[in-house]
Amino acid sequence: MPYFEIIGGKKLNGEIEVKGAKNAALKAVAVALLSREKWTITNFPFIEDTNRILEMVEDLGVKVVRGDNQVEIQAKSIKKNSLDKNLTKKLRASIILAGPMLARTGKVEMYHPGGCVIGKRPIDMFLDGFQKMGAKFSRRGDEFILSAGKLSGANIFFPKISVTGTETMMMAAVLARGETILENAAMEPEIPTLADFLNKCGAKISGAGTPTIRIKGVKNIGGGKLELIPDRIETGTFAILGALAGGKIKIKKCNPDHIRSLLIKMEKAGVKFEERENELIVWGAKKMKAVDISTHEYPGFATDLQPPFTLLMTQAKGTSLIHDSIFDGRLMFTDALNLMGANIIMNDPHRVTVNGPAKLHGRKIASPDLRAGITLVLAGLIAEGKTRIENIYQIDRGYEKIEERLQKLGADIKRINSKS
Ligand code: EPU
């Protein structure tokens, strides 16, 4: 199995470009199934998660042409109602294919989706939403089946704000009969981007990016070209890397507005940065103060940026309280940071206290999930000595050729392809 070998302590300098947003790419592939016409998705990141979803739609008989940073998808017809079990188990986001499949073919058979082990990942709100839109739900062992002649518009109130839940119901409603109103909807920037594009293709969606989204069903939608927005989690992760290990790092092709709540916290901690149009420059921070964070749905502090921020706080003076309010398994990786020399106390599954600053030392560790995985890479880059990170499939799920991009900044990181 491949692993990363990192020799820490090098000052990083130079430029790094942000790729298209993973969590927008996955939804754009799903939404392409709503149309019989060709969709071209540009600024497309080729990472393990997007490879998996492309394989899933190919398995449904949909034509996919992979190009240079772009993909063309044409779903003239959808030949199967069932989603591949093995692929579904690898990708939480496979649930988003259910909406377009129901809308196009009237039936979906699938298994509970897998993905990052970051706590409970229920799908009750999806199943409730589809049933409100007129779908029938049944189970066959651990497989579940949704069927509907044609979906009907419905009023759906999300008891908990859910990004994928909002996107899935929005997609399902595009071809439904009548109007759907989604309340307590998620407001992540990927959602209005998708809605704007769908509207250009003939959908009638208003309010995306606010807590109430209205979708008037239409008979069909066309094709077109969708450019993905920059990945805000990559942007934030590179900003934290700049504070930890820069020199001076210029992050290009990004939108600093999408990580506002992180930038406010970094500023409070004493990190120096400069925002420009589509660029962010971050300088290495010599002395940082501890600050607290509590994750929140957008525009609050993203849970996906909690792991690298927790690492940042291991280098700040004082005590910070880190509260991950969204997932109950996202702080488990702090054990690995403690192995490297951090002083982090787990208060409960949602809260840790970080005491800093702490000197980190290279260790052999494994990447438990995507965002924890990249955090361990950052930890390796600032640790004294050699770090070996295993289970890097988890990192490859979300960051395209990350070692090559970090090497360009001067990092000593190698991918070692070992057979054992
Ligand atoms: N929830 C339910 N029932 C449901 C669905 C969700 O109770 O039916 C709960 C979850 O357990 C969680 C909360 O609602 O406590 C929010 O989860 P949400 O549904 O928003 O998460 P998601 O849509 O599965 C997306 C991103 C995650 C990101 C979260 C939160 C995608 C593909 N994934 O997940 O990204 O952490 O929103 O912002 O968009 C990542 O990229 O590493 C990642 C995990």
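Both counts, for ligands and for their atoms, begin at 1 and track the order of listing.
- When the shell of 6.0 Å around NZ of Lys80 is examined, it contains more than 12 heavy atoms from other residues, nucleotides or ligands.
- Heavy atoms from other residues, nucleotides or ligands lying under 6.0 Å from CG of Asp68 number 12 at most.
- Classification of Lys19 and Asp231 as a salt-bridged pair fails, no side-chain N sitting under 4.0 Å from a carboxylate O.
- Residue contact annotation: Lys22 has a non-hydrogen atom under 4.0 Å from ligand 1.
- With respect to Asp84 and Arg52, no salt bridge is recorded, no charged nitrogen being found less than 4.0 Å from a carboxylate O.
- In summary, the side chains of Glu227 and Asn43 do not present any donor paired with an acceptor at a separation below 3.5 Å, with no hydrogens or angles considered.
- The heavy atom nearest to atom 3 (N) of ligand 1, out of those in Asp124, Asp324, Thr303, is found in Asp124.
- With a 4.0 Å heavy-atom cut-off, ligand 1 is reached by the side chain of Asp304 but not by its N, CA, C or O.
- Checked against a 3.5 angstrom limit, the closest N/O atoms of Met125 and ligand 1 fall inside it.
- Considering backbone and side-chain N/O of Ile326, one or more are found under 3.5 Å from N/O of ligand 1.
- Atoms of ligand 1 found under 4.0 Å from any heavy atom of Lys160, numbered from 1 in the order shown, are 7 (O), 9 (C), 14 (O), 15 (O).
- Where the criterion is an N or O separation shorter than 3.5 Å, residue side chain and backbone included, Glu188 fails it with respect to ligand 1.
- The proximity of Glu190 to ligand 1, defined as any non-hydrogen pair under 4.0 Å, does not occur for either the backbone or the side chain.
- Proximity of Glu167 to ligand 1, defined as any heavy-atom pair under 4.0 Å, is not found for any part of the residue.
- Any N or O atom pair closer than 3.5 Å counts here, and Leu26 shares no such pair with ligand 1.
- Using a cut-off of 4.0 Å between Lys/Arg side-chain N and Asp/Glu carboxylate O, Lys252 and Glu17 are scored as not salt-bridged.
- Using a cutoff of 4.0 Å between basic side-chain nitrogens and carboxylate oxygens, Asp304 and Arg330 are scored as salt-bridged.
- Ring centroid separation for the pair Phe144 and Tyr111 does not come in under the 6.0 Å cut-off.
- Look at Gln306 and you'll find every heavy atom at least 4.0 Å from all atoms of ligand 1.
- Between Gly165 and ligand 1, no N or O atom pair is found at a separation short of 3.5 Å.
- Distances from ligand 1 to the non-hydrogen atoms of Ile161 include at least one value under 4.0 Å.
- Within the 4.0 Å heavy-atom criterion, neither part of Glu297 lies near ligand 1.
- When heavy-atom distances to ligand 1 are checked against a 4.0 Å cut-off, Tyr298 has no atom that comes that close, whether in backbone or side chain.
- Residue Arg415 forms a salt bridge (charged side-chain N to carboxylate O under 4.0 Å, His left out) with just one option from Glu5, Glu403, Glu404, Glu390, and that option is Glu403.
- Using a 4.0 Å cut-off between charged nitrogen and carboxylate oxygen, Glu275 and Arg260 count as a salt-bridge pair.
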